[in-house]
Amino acid sequence: MLELLQPVAPDAILGLIAEHRNDPRENKIDLGVGVYRSAAGDTPVLDVVKQAEQRLVDTQTSKAYIGSAGDASFNAAMQSLMFDDAVADERLAMLQTPGGSGSLRVAAGLILRARSDATVWVSDPTWANHVPLLGGAGLQLKRYAYYDTERYVIRFDAMLDALRAVPKGDIVLLHACCHNPSGLDPTEEQWRQITEVVTERQLVPFIDMAYQGFATDLDTDAFAVRHMARRVPEMFVSGSCSKNFGLYRDRVGVLLMLAADKAARDIAQLQANNVVRAMYSMPPDHGAAVVSVILHDEKLSSQWRGELAVMRDRLRDMRVLLHHALRERAPDRDFSHLVRATGMFCFLGITAEQVVRLKQDFGVYMVDSSRMNVAGITADNVEYLAEAIAAVL
Ligand code: LMR
């Protein structure tokens, strides 16, 4: 039977991990997959995570099943982190999920059960895996205008116009902060306007918050979620602890669903648990248990906020560094969009052919669209990187 399968191309983002690993050049640079890297170029386990893991080793008494919705104390901690006090608990259904991807996939299953004909509108462009993940689940997807590839800004008027034309009841997928891939987010005033259109058109917001704490700070980055939660009857929010806790491979995510009232919440929770049971039964425990230990302990929580700030500041510093280096090496080109973006990503703004030349001639790896993960930049490699970029322009 397996011989009937046809080959498929490696994933556009994950494929770069192996390509970069197999490249023997010493000066190669990985600006591909979205993982944080320190100034030394590695992705260390956060110190606060190590402490919480030790505490778990010392105190955990059982590895028995918890259930499809996962650990209630983790879910509650994530609710406070993401929603603050924006909504009444009785309207929120919550699930711990295997990463943000697991959260998106469970939400897709639930949307399909509720409205099999619903369309999910995604930004153009969006995270490369949104389309296979949600489309592969069986949802219909369409795009709304988002990014201006010539001026490197959000096409905000076109975005609002597109949202005004979305049929009532459809779902709009939004990035809470650190838009992946562009790194450009709406301002708070723009989020207010988006919310007005969403409520006027009776659309269902579905907010993907994979980078909370990587743009400005934990609270500011949650503005869209909290603002909308106070105004819409229903919404989905997918959260991830991959980046802000550095727990990538432990697969820690959450799905928070705001329902119109308690009765609808109870049914949504039952249905979501049922979707999970039929898909992967229940989420992995370890990473979520670590997050729960941290968020329920004031000292660890404040240490975590500090470690998160260090990551965030480094990303910003690396953008500035590359921007300066490019001003020297490629003075005719304006790269100021690099420093207007936040989080891990932004588009460099070169062609797919130039991306290939960067890889082949210089060992510099980024996604075909020229999305760069700025965490791969260091004070040691930035001059070489700027030189390489200038050479392919
Ligand atoms: C990325 O966009 O690089 C990250 O979110 C990792 C992934 O799974 O694609």
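For the numbers below, each heavy atom of this structure counts, side chains included, while hydrogens, waters and symmetry mates do not. Ligands are counted one by one from 1 in listed order, and the atoms in each one are counted from 1 as well.
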### Task
Report the residues that fulfil salt bridge (charged side-chain N to carboxylate O under 4.0 Å, His left out) with R164, sequence neighbours left out, ordered by chain and then residue number.
D161
### Message
Using the side-chain contact (heavy atoms from CB on, under 4.5 Å) definition, which of the options M82, Q79, Q96 pairs with V254?
### Response
M82
### Summary
Heavy-atom contacts under 4.0 Å to ligand 1, chain-then-number order, include exactly I13, V33, G34, W127, N180, Y211, K243, F345, R371
### Message
Restricting to salt bridge (charged side-chain N to carboxylate O under 4.0 Å, His left out), what partner residues turn up for R251, sequence neighbours left out?
### Response
none
### Task
With sequence neighbours excluded, tell me which residues meet ring pair (Phe, Tyr, Trp, His ring centres under 6.0 Å) with W121.
none
### Message
Does this structure show an ion pair linking D30 with K28, if we count only N-O contacts that are shorter than 4.0 Å?
### Response
no
### Query
Does the salt bridge (charged side-chain N to carboxylate O under 4.0 Å, His left out) test come out yes or no for R316 and D313, once each step is laid out?
CA-CA 5 Å; R316 192 205 48 225; D313 292 349; 3.7 Å; yes
